[in-house]
Structure formats: structure tokens, C-alpha cells
Amino acid sequence: MRYLVANFSEIMGITATHLYLALAPLLLALVIAIPVGALVRRAAWLRRVTVTGASLAYTVPSLALFVIIPPLVGTSAIDPLNVIIALTVYSTALLVIAVPAALDSVPATVLDAADAVGYGPLRRTLTVDMPLAVPVFVSSLRVVVVTNIAMVSVGALIGVGGLGKLFTQGYQRDYPDEIVAGIVVTLVLALVADRVMYMLGRWSTPWVRADARTKGGS
């Protein structure tokens, strides 16, 4: 902990880089996974193919993916873009499975009511299905956020900045305090990010809170 206190400003800079490398892939994955997940849900065979492909993509070791990407996209071996692309693949693989599962949680009676009042497929998806699927989807989103924060550290093995730098440097210099500082900051960052996702989920679903208060009062 002495290392953490003595190098606090430097570690905060590294933490900002780490957070960027973790959240940028998440945003890219959301842009890809939400429309794809909503689309494949409509065809059972397409959903099975997508789930199988996503599961296989997630089994590829992260370090191997970091090494494979540069020759494929033409980046240098230590370009942070390699980490962003790799984590976008992993995040999309998880979220493209989570989106249909979250949409499945919407009660059939609600969907029938939306159809009965004349909602088209697109309008129903955007204004009924997706909002009501948020509580279930946020649970998966929290997993992806924490997973990304953990996996960014692996990027230090190919020279990409982030809190993993504290692990590699601490190991090379046989300095346990630096390694402990990296573990502590990574853990705190993951816990804070998880809590922020939880609060965003609650904020975006006020009807869930209202329902909980109603049940509690009764």
C-alpha cells in the first residue's frame, strides 16, 4: 500500500487508460449486439447459430487474440486498438446472447397488449420490449463491465498500458507492493463500475422501483 500512496497520481493516470480500454469496447459491443440480438431472436435457427458462434468466439484465449489481431487489421503489436478490438469481440459475444434472453423476459401479456393497440414490430421492440428487458439485460451488462476491467490487464503482456503494467513491472522488479497496488486498484475499479451499472439500471427503470415500493407497502 505504500507504493499506492507514493505513486497515487501516476496510478490514477494509468487507471484512466485502463478504464478507457475497458469501456470503449463495451460501447462498441452495445451498438453491435443490441440490433443483432433483437434480430436473431425472431428466428430460432439463426439464434442457435449466433449463440454457438458467440460461445466459440468467447473461448479464444485473450492473449492469443491480442497476437492474432495486428496482422489481420494492420496495427502495430503494441497498439491499444488491438485490446479494444479483442474486448469488443468478447463483449459482443456475451451481449449478443444476453439481448435475446433479456427480451424473452418480457411478459407475453404485455406483448399481446402492444400488438392489440397497433404497435408494429420495430415500434414495439424500441418502446416496449427493450425498456422492459432492461433489468435482466443490466445483469449481463454488469458481468461484461467487470470482465473487461479484468481482461484489460492482460494487455500489459503485449505492452499496452493499463493497470496490468503494475503487475508486469512488479514481477520484473520483484516488487510485491507494486503488484498489490495493481490488484487493489483493479478490484476497486471493478466494484465501482459494477455499482455504477447497477445504479444506471435502477435509474432507467423507475417502474421497477415503484413496483417494489408498492409490494413493500402492502
Side-chain angles (χ1 to χ4, degrees), residues 15 18-44 46-60 62 65 83-84 86-114 124-154 163 185-216:
T15 301
H18 192 103
L19 193 60
Y20 165 73
L21 293 173
L23 296 184
L26 176 65
L27 296 177
L28 292 172
L30 286 172
V31 172
I32 299 169
I34 289 177
V36 171
L39 180 64
V40 303
R41 178 174 175 256
R42 300 182 179 277
L46 187 56
R47 180 172 180 174
R48 287 194 297 270
V49 171
T50 302
V51 169
T52 300
S55 300
L56 290 174
Y58 197 74
T59 61
V60 178
S62 57
L65 199 55
V83 174
I84 292 176
L87 293 187
T88 299
V89 171
Y90 289 131
S91 300
T92 303
L94 289 175
L95 293 179
V96 82
I97 297 174
V99 169
L103 292 173
D104 288 344
S105 69
V106 180
T109 53
V110 174
L111 302 181
D112 291 340
R124 197 193 74 180
T125 298
L126 294 177
T127 62
V128 179
D129 297 27
M130 293 302 297
L132 293 180
V134 166
V136 174
F137 182 64
V138 166
S139 299
S140 299
L141 198 59
R142 292 168 65 186
V143 173
V144 175
V145 170
V146 173
T147 300
N148 279 9
I149 289 174
M151 292 181 68
V152 167
S153 299
V154 182
L163 293 169
V185 178
T186 302
L187 179 60
V188 170
L189 187 61
L191 291 174
V192 170
D194 177 72
R195 192 62 185 176
V196 169
M197 289 296 105
Y198 171 75
M199 295 305 296
L200 285 175
R202 284 182 58 83
W203 171 79
S204 62
T205 54
W207 60 88
V208 174
R209 300 198 304 274
D211 185 57
R213 287 195 296 268
T214 301
K215 291 181 179 178

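Residues: numbered from 1 along the sequence shown.
With rounding to the nearest 0.5 Å, the separation of CG in Leu27 from CD1 in Ile32 is 11.0 Å. Between the CG atom of Asp194 and the CG atom of Leu189 there is a distance of 11.0 Å, given to the nearest 0.5 Å. Note: Leu23 CG to Ile84 CD1 = 10.5 Å, rounded to the nearest 0.5 Å. Note that CG of Leu87 and OG1 of Thr92 are 10.5 Å apart. Values are rounded to the nearest 0.5 Å. From Thr15, atom OG1 reaches atom CG of Leu19 across 8.5 Å, with rounding to the nearest 0.5 Å. Atom CD1 of Ile149 is separated from atom NE2 of His18 by 6.0 Å, given to the nearest 0.5 angstrom.
Contact check for Leu111 versus Asp129: side-chain heavy atoms found under the 4.5 Å cut-off. Residues Leu141 and Leu30 have side chains in contact (heavy-atom distance under 4.5 Å, counting atoms from C-beta outward). Between Met130 and Val106 there is no side-chain heavy-atom pair separated by less than 4.5 Å. Looking at heavy atoms from C-beta onward, Met197 lies out of side-chain contact with Val146 at the 4.5 angstrom threshold. The shortest side-chain heavy-atom distance between Val138 and Leu200 does not fall under the 4.5 Å cut-off.
Counting only distance, with no hydrogens or angles, the side chain of Tyr90 and the backbone of Thr147 share no donor-acceptor pair below 3.5 Å.
When all heavy atoms are compared, the tightest approach of Ser62 to Met151 is CB-CE, 3.6 Å.
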Does the side chain to side chain donor-acceptor pair (under 3.5 Å) test come out yes or no for Thr125 and Arg42, once each step is laid out?
-> CA-CA 11 Å; Thr125 298; Arg42 300 182 179 277; 3.0 Å; yes
